[in-house]
Protein chains: 2
Amino acid sequence: MAKIDRTSGVPIYRQIKQILVADIEASDGAGPVMTEEELLRRFRVSRAPIRQALRELSDEGVVYRERAKGTFPVRRSQVKRPSALKFGGLISYLQDRGLHPVTEVAELDRSRPPASVAASLELAPDEDVFTFSRQIALEGGAPVFWARLFIRSPEEFRPTAEELKQSGSAFSLLARDHGINITRSEHVVWLTGATPEESRGLQVPEGSPVLVVETLGFTKDGRPGTWRRSAQLPDELKLVFESNDPLWG
Amino acid sequence: MAKIDRTSGVPIYRQIKQILVADIEASDGAGPVMTEEELLRRFRVSRAPIRQALRELSDEGVVYRERAKGTFPVRRSQVKRPSALKFGGLISYLQDRGLHPVTEVAELDRSRPPASVAASLELAPDEDVFTFSRQIALEGGAPVFWARLFIRSPEEFRPTAEELKQSGSAFSLLARDHGINITRSEHVVWLTGATPEESRGLQVPEGSPVLVVETLGFTKDGRPGTWRRSAQLPDELKLVFESNDPLWG
DNA sequence: TAGTGGTCTAGACCACGCC
DNA sequence: GCGTGGTCTAGACCACTAT
């Protein structure tokens with residue numbers, strides 16, 4: 001597959017992206033310098049799909065482009081970059097380390113959340129939300145992770161504990177049943193003492209040091225859709241994320 | 001400024017972006033639906049700059065686009081979204097809260113880092129790096145933040161403590177003097193006990209719970225350029241970041 | 001001066017969502 | 001059907017970098 005198929009229905013720029021990624025992976029190390037001119041001749045297409053392919057590869061961090069110089073592959077380490085830990089990802093993360101995590105969901109309800117949460121979710125005065133808690137524990141051992149979620153959703157959204165456990169995600173149910181997707185989220189991370197609720201969920205004394213992550217999730221139109229607060233024990237789990245900011249220090 | 005100036009040298013799509021952002025902010029709330037067709041007529045330009053403007057606004061999360069529907073403004077809360085805390089940002093963050101942080105840099109050196117760091121930075125066997133530590137304390141009070149940095153850099157890069165304090169950032173010096181920029185970074189966050197070094201820097205007992213952030217910074221070509229580990233005390237500081245992943249849980 | 005990516009024009013056809 | 005954004009063509013001129 002180093003040729004463009006114009007009958008496949010797959011956009012040309014996607015085919016080009018795929019070919020270029022394969023090229024870069026094959027070259028392995030001192031990658032090729034590409035120019036638009038060269039790619040125009042090679043694929044015999046106009047400049048638009050070439051530029052769209054290169055722009056997307058640049059956005060994805062596969063290549064970088066410098067005006068008047070060229071387009072160069074970004075050197076990547078061999079190690080897989082883990083993205084931010086998800087609930088689902090959390091379980092496979094633990095499994096990959098030979099552990100046997102067990103997840104439990106409880107306290108399912110539709111109700112009015114605490115005022116601070118209602119404010120964050122910009123709820124109408126009479127609006128209620130779906131809420132539940134999720135605990136992740138090592139098999140036969142102590143819990144390592146506990147979270148409470150509030151999900152703004154239609155009245156009919158009332159999944160069962162079994163559905164939540166099986167799907168691994170309330171949000172995938174929300175997307176499947178109501179076409180509501182969370183596309184962006186804001187996370188605040190800090191170190192503090194476990195609340196009473198968290199101390200019960202994690203089976204540690206109240207005030208024990210826990211890593212707290214508060215996440216507000218937004219739908220594509222920018223409305224807040226979910227609020228989540230998770231707490232985890234020291235050393236058990238690491239949170240990984242990436243940024244494209246210039247670095248300071 | 002609601003007209004395109006073709007003589008200004010500012011690209012048309014940038015002028016369009018600016019106008020559209022102003023439109024959205026002015027509309028405040030139930031924002032306008034834009035279509036490419038309408039913008040073509042309004043600005044009397046071809047489709048390329050229109051699409052580039054809308055694509056960038058979409059990437060920036062200002063609008064979202066739906067095929068066959070239109071382009072809609074993303075509703076934003078009034079609250080400022082703090083981006084990931086930077087060292088420089090950390091100081092203004094504390095100042096904004098009426099505190100008076102003092103930053104100290106120490107232990108400046110060019111040397112060979114520990115093996116694990118050398119491996120992360122993919123150093124040559126004989127390569128050394130610039131290293132130093134930075135402490136942030138409240139005025140007359142205890143430190144709240146301590147970090148150690150290792151910066152891959154030319155032999156000549158040997159800033160003084162004063163330069164580091166004044167610029168607020170070793171990376172801005174590296175960019176200014178050697179044109180080396182950190183464009184992407186990977187962060188790992190977890191809760192653990194303070195190392196001996198950190199316990200001295202933070203003036204707490206060894207093993208006290210601290211929030212640790214390990215950051216690896218990369219240059220545009222994908223080579224690791226900096227390694228940083230910071231530790232901070234409970235409740236003092238919060239780390240904020242944003243992601244565009246679909247949310248799980 | 002030659003070659004690069006950045007920007008723009010003026011068209012065209014298509015897939016998809018809504019009515 | 002009709003209007004939307006998605007994709008593509010075939011040109012053009014420019015700013016910037018390296019030589």
Side-chain angles (χ1 to χ4, degrees), chain A residues 3-20 31-74 175 178-181 183 219-221, chain B residues 3-20 31-74 178-181 183 220-221:
Chain A
K3 277 267 176 292
I4 301 298
D5 177 0
R6 284 174 183 274
T7 69
S8 67
V10 178
I12 292 174
Y13 77 92
R14 283 193 189 279
Q15 300 185 42
I16 293 176
K17 278 179 68 176
Q18 198 179 328
I19 294 170
L20 294 182
V33 180
M34 294 166 266
T35 70
E36 294 184 2
E37 177 65 33
E38 167 201 326
L39 297 174
L40 284 177
R41 289 196 307 269
R42 172 171 169 194
F43 294 117
R44 307 218 166 261
V45 297
S46 70
R47 219 179 146 194
I50 298 284
R51 281 184 61 78
Q52 176 148 4
L54 292 179
R55 179 167 36 75
E56 291 196 3
L57 290 175
S58 173
D59 288 346
E60 293 163 15
V62 176
V63 303
Y64 67 100
R65 316 193 68 190
E66 286 194 89
R67 188 195 190 102
K69 292 189 181 172
T71 300
F72 310 85
V74 168
H178 297 95
I180 300 174
N181 283 88
T183 56
T219 49
K220 62 180 174 336
D221 60 359
Chain B
K3 277 268 177 292
I4 301 299
D5 178 359
R6 286 175 181 272
T7 70
S8 67
V10 178
I12 292 174
Y13 77 93
R14 284 196 188 279
Q15 300 185 43
I16 293 177
K17 278 180 69 176
Q18 197 180 327
I19 293 170
L20 294 182
V33 181
M34 294 166 265
T35 70
E36 295 184 2
E37 177 65 34
E38 167 200 328
L39 297 174
L40 284 177
R41 289 195 307 269
R42 173 171 171 193
F43 295 118
R44 308 220 166 257
V45 298
S46 70
R47 218 178 148 194
I50 298 283
R51 281 185 61 77
Q52 176 148 4
L54 292 179
R55 180 167 35 74
E56 291 195 2
L57 290 175
S58 173
D59 288 346
E60 293 162 15
V62 176
V63 304
Y64 67 100
R65 316 193 69 191
E66 286 194 89
R67 189 196 191 102
K69 291 190 181 173
T71 300
F72 309 85
V74 167
H178 297 95
I180 300 174
N181 281 89
T183 55
K220 61 181 178 335
D221 61 359

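Letters A, B, ... mirror the listed sequences (proteins, then strands); counts begin at 1.
Using a 4.0 Å cut-off between charged nitrogen and carboxylate oxygen, A:Arg42 and A:Glu38 do not count as a salt-bridge pair.
One interatomic measurement links the two molecules: CD1 of B:Ile50 to P of D:dT4, which rounds to 13 Å at whole-angstrom precision. Whole-Å rounding puts the A:Phe72 CZ to D:dT17 P distance at 13 Å. Atom C1' of nucleotide C:dT9 and atom CD of B:Gln52 are separated by 14 Å, given to the nearest angstrom. If you measure from atom NZ of B:Lys17 to atom P of C:dC8, you get 12 Å, rounded to the nearest angstrom.
Side-chain N/O atoms of B:Arg6 include none lying less than 4.0 angstrom from OP1 or OP2 on D:dC14. Between A:Lys69 and D:dA18, a side-chain N or O to OP1/OP2 separation shorter than 4.0 Å is present.
The side chain of A:Tyr13 has D:dT7 as its nearest neighbour among C:dT4, D:dA18, D:dT7. Closest to the B:Thr71 side chain, of the nucleotides D:dA18, D:dG5, C:dT9, is D:dG5.
Scanning all heavy atoms of the two residues, the minimum distance from A:Ile12 to A:Pro49 falls at CG2-CB, 3.9 Å. Nearest approach of A:Val63 to A:Leu54, heavy atoms of both residues: CG2-O, 4.1 Å. When all heavy atoms are compared, the tightest approach of A:Met34 to A:Leu20 is SD-CD2, 3.7 Å.
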- [ ] Just do the side chain to side chain donor-acceptor pair (under 3.5 Å) check on A:Arg65 and A:Ser58 with the steps written out, would you?
- [x] CA-CA 7 Å; A:Arg65 316 193 68 190; A:Ser58 173; over 6 Å; no
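Residues from residues 53-67 of chain A that place a heavy atom under 4.0 Å from any atom of DNA chain C, listed by number: A:Arg65, A:Glu66, A:Arg67. For the segment residues 36-48 of chain A, residues with any heavy atom less than 4.0 angstrom from an atom of DNA chain C are, sorted by number, A:Glu36, A:Glu37, A:Arg47.
Shown here are the ring pair (Phe, Tyr, Trp, His ring centres under 6.0 Å) partners of A:Tyr64, two or more places apart in sequence or in another chain: A:Phe72.
Looking at B:Asp5, its side chain does come within 3.5 Å of a backbone N or O of B:Thr7 through a donor-acceptor pair. Using modelled atom types, no side-chain atom of B:Glu66 and backbone atom of B:Thr71 make a donor-acceptor pair closer than 3.5 Å. Not a single donor-acceptor pair under 3.5 Å links the side chain of A:Glu36 to the backbone N or O of A:Arg51.
Projected onto DNA chain C by closest heavy-atom contact, A:Arg51 and A:Ala68 fall at different nucleotides, the more 5' of which corresponds to A:Ala68.
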